[in-house]
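Notes follow the structure.
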Amino acid sequence: MAAASRSPALALLCSSLLMLAGAAASGDVLPTMDRFHAWRAAHNRTYATAEERRHRFEVYRRNVEYIEATNRRGELSYELGENQFTDLTSEEFLAAHYTMPPGQVLAAREAVARLLINSTRAAGGGGGNGSYSGDAFGQVPYSVDWRTSGAVTPVKHQMTCGSCWAFAVVASIENLYKLRTGRLVSLSEQELVDCDRTPPDSGGSPASAMWWVALNGGLATAWEYPYESRQGQCRRGSIRGAAAVTPNSEAALEHAVARQPVVVTINADTFQHYMGGVLSGPCDARTNHAVTVVGYGADAGGRRCWIVKNSWGDGWGEGGYVRMERRVQASEGLCGIASMPYYPVM
């Protein structure tokens, strides 16, 4: 009877040994498992069950294979690598609220359209309200990086709150406040997440969020109203508003960024595994994420690029930043970066 009770365990052990033998014979699965354990330790990742751990290993392994296969293409101007998202499928990554839900994207487009209409009316049809427009490059510095002027706060981490719009808006206001007053202050994204319910957007539109800050008389500091990665009860206790850059014109965006950092919405589908270099696609203009352009320039090989501040922590990309190819053939820019830019007005 004792021997019979041990037989299921022996069968399971034999099965496991056969699987390991097969894995060893088929290639480098075991070294990849070691790499997975090291990655888990580096990112403090734990899983509730052994089944979930096996599933996440398979996702990790496929992502690593994709990363390495991409990096072997020597003609690329950028590099992929492992980061905090390497155990997620692309579908899970997009669904985890690191980017903007479709409703927020639509609200952002509608808000920018209203800004452009109001700007045109205010100027009698000729543009105005400080808007940047134009189709011709030139008459701007060859390169701009507002970080070197001390006008950019450290990279922050939105986590999985779907609040990229709040981080992009706050970054642009922090930058403008520094340029106008000489003081660099970290402001509160959580106040926007909790309190901005401006109709018709009910929160989530960067352009409308700028107007909400103007109506509110400013923002609390991050120390006074710390970030919690979730929507909570509004506890609110200056900018004048927002203006839009002419859409679908990288030239207009260059003129704007030469004056101050600018909020843009982009397609972040290709961002999951980005590690460094100038991202050059492929990437279409179906925007789903809000970020802040804090400068532009070129890499060592002369490839023109935008310098973009993200909100996924400084462990992602180039210390929390991504460089994106500039002056591409598409009028909306790479990943739609020029499709609907806007900035706060003080």
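The shown structure was predicted, so the numbers you read here are calculated from the model rather than taken from an experiment. What you see below is based on every heavy atom in this structure, not just the backbone, and it leaves out hydrogens, waters and symmetry mates.
Between the side chains of T153 and K309, a donor-acceptor pair is found at a separation under 3.5 Å. Between the side chains of R183 and Y177, at least one donor-acceptor pair of N or O atoms lies under 3.5 Å. Judged by distance alone, the side chains of D87 and Y47 do bring a donor and an acceptor atom under 3.5 Å apart. A donor-acceptor contact closer than 3.5 angstrom links the side chains of W306 and E250.
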Mind running salt bridge (charged side-chain N to carboxylate O under 4.0 Å, His left out) on R61 and E58 for me, showing each step along the way?
CA-CA 5 Å; R61 182 180 61 80; E58 284 303 316; 2.5 Å; yes
Determine, stepwise, if the pair E224 / T221 fulfils side-chain hydrogen bond (donor to acceptor under 3.5 Å, both in side chains).
CA-CA 5 Å; E224 295 169 321; T221 66; 3.2 Å; yes
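Among Q158, H289, K156, E189, the one residue that satisfies the side chain to side chain donor-acceptor pair (under 3.5 Å) test with S311 is Q158. In summary, of the residues considered (S280, C283, C335, C305), a side-chain contact (heavy atoms from CB on, under 4.5 Å) with M324 occurs for C335 alone.
L184 and V293 sit in two unconnected hydrophobic clusters of ILVMFWY residues. Membership requires side-chain heavy atoms under 4.5 Å apart, directly or through other members. A single hydrophobic cluster is seen to contain both V144 and V322, as judged by linkage of ILVMFWY side chains at heavy-atom distances under 4.5 Å, directly or through other members. Both Y274 and V328 are members of a single hydrophobic cluster when ILVMFWY side chains are connected at heavy-atom separations under 4.5 Å.
Nearest heavy atom pair, residue V345 against residue A243, reads CG2-CB, 3.8 Å. Considering all non-hydrogen atoms of both residues, Y343 and P261 come closest at CB-O, 4.2 Å. For the residue pair S188 and Y225, the shortest heavy atom distance occurs at OG-O, 2.8 Å. Contact record, E174 with S186: OE2-CA, 3.3 Å, taken as the closest heavy-atom pair. Annotation for T265 and T287: closest pair O-CG2, 3.4 Å, computed over non-hydrogen atoms. Minimum heavy-atom separation, V257 to V294: CG1-C, 4.3 Å.
Taking F271 as the reference, W316 meet the ring-ring contact (aromatic ring centres under 6.0 Å, His included) condition, with sequence neighbours excluded. Residues meeting the side-chain hydrogen bond (donor to acceptor under 3.5 Å, both in side chains) test with D145, sequence neighbours left out: R147. Legend: residues meeting salt bridge (charged side-chain N to carboxylate O under 4.0 Å, His left out) with E68, ordered by chain and number and at least two apart, are R35. In terms of the side-chain contact (heavy atoms from CB on, under 4.5 Å) criterion, residue partners of S90 (sequence neighbours excluded) are, by chain and number, Q272. Contacts of T89 classified as side-chain contact (heavy atoms from CB on, under 4.5 Å), with partners at least two apart in sequence or in another chain: V59, E91, E92. The ring-ring contact (aromatic ring centres under 6.0 Å, His included) check on Y60 picks up F36, W39, with sequence neighbours excluded.
Annotation: side chain of V308 is not in contact with side chain of T292 (no heavy-atom distance under 4.5 Å).
With respect to the salt-bridge test (charged N to carboxylate O, under 4.0 angstrom), the residues D299 and R323 do not qualify.
Residue E75 places its CD atom among more than 12 non-hydrogen atoms of other residues, nucleotides or ligands, all under 6.0 Å distant. Around OH of Y66, the count of heavy atoms belonging to other residues, nucleotides or ligands within 6.0 Å does not exceed 12.
Aromatic ring centres of W165 and Y342 lie farther apart than the 6.0 Å criterion allows.
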